[in-house]
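Report on the structure given below.
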Amino acid sequence: MAKKERERERAGGELEPWRPFGELTRWEREMERFFDEMWGGRTRPWWRRRRPFAVEISAPPVDCYEDKDDVVVKAELPGIDRENIEINLTDRMLTIKGEKKREEKIEEKNYYRAERSYGSFVRSVELPREVQAEKAKASFKNGVLEIRIPKTEEAKRREIKVKVD
């Protein structure tokens with residue numbers, strides 16, 4: 001083997017890295033394909049099944065905090081257009097609805113890997129204080145939705161500072 005590598009170096013060819021488990025991964029793929037054809041993929045564990053169109057979008061992660069005058073909610077919505085976002089506010093419950101749509105239609109048989117998620121979601125967050133829903137403002141920048149809702153005057157006054165001895 002070393003002789004072949006030296007000959008390749010002299011001939012100006014590049015060295016090819018040695019992959020001791022390269023054959024093993026090929027063999028594993030062949031076995032998966034064989035079992036898929038024989039039993040329809042039921043032999044593989046559920047977390048290793050490759051079903052490109054079965055991935056659904058989950059509820060987005062949300063931060064909820066308050067500053068001096070507002071309750072602020074931030075939600076990560078990467079890949080979603082602002083036209084596909086709906087925000088509803090009732091009493092102290094904020095609901096964010098949205099849908100992430102596919103850009104193009106590609107047949108399942110042409111996929112090697114599909115990990116991006118698509119579909120609709122709904123996320124509800126209970127707000128910690130009474131708010132003025134009619135004065136809520138939302139902005140959407142770089143895939144982050146920020147909603148600022150002013151607290152009621154009563155909620156602002158309820159704040160009690162306790163002195164530590």
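The residues of the chain are indexed from 1 along the displayed sequence. Keep in mind that this is a model prediction, so the values were computed, not measured.
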When you compare the side chain of [Y] with that of [X], does any pair of heavy atoms fall below 4.5 Å?
X      : Y      : value
Ile149 : Ile147 : yes
Leu94  : Val71  : no
Lys100 : Phe121 : no
Glu66  : Lys151 : yes
Thr95  : Lys97  : yes
Leu127 : Arg129 : no

Straight-line distance of [X] [atom1] to [Y] [atom2], nearest 0.5 Å:
X      : Y      : atom1 : atom2 : answer
Glu86  : Ile96  : CD    : CD1   : 11.0 Å
Glu126 : Cys64  : CD    : SG    : 9.5 Å
Glu146 : Phe140 : CD    : CZ    : 12.5 Å
Asn142 : Glu76  : CG    : CD    : 11.5 Å

Residue pair Gln132 / Thr152: nearest heavy atoms and the distance that separates them: NE2-CA, 3.8 Å
[X]: which residues meet the side chain to side chain contact (heavy atoms under 4.5 Å, CB included) condition with it, sequence neighbours left out?
X      : answer
Lys101 : Asn84, Glu99
Asp67  : Asp70, Val72, Arg148
Val62  : Val73, Ala75, Arg123, Val125

Stepwise side chain to side chain contact (heavy atoms under 4.5 Å, CB included) check, Ile85 with Leu77: CA-CA 9 Å; Ile85 300 171; Leu77 305 172; 3.7 Å; yes
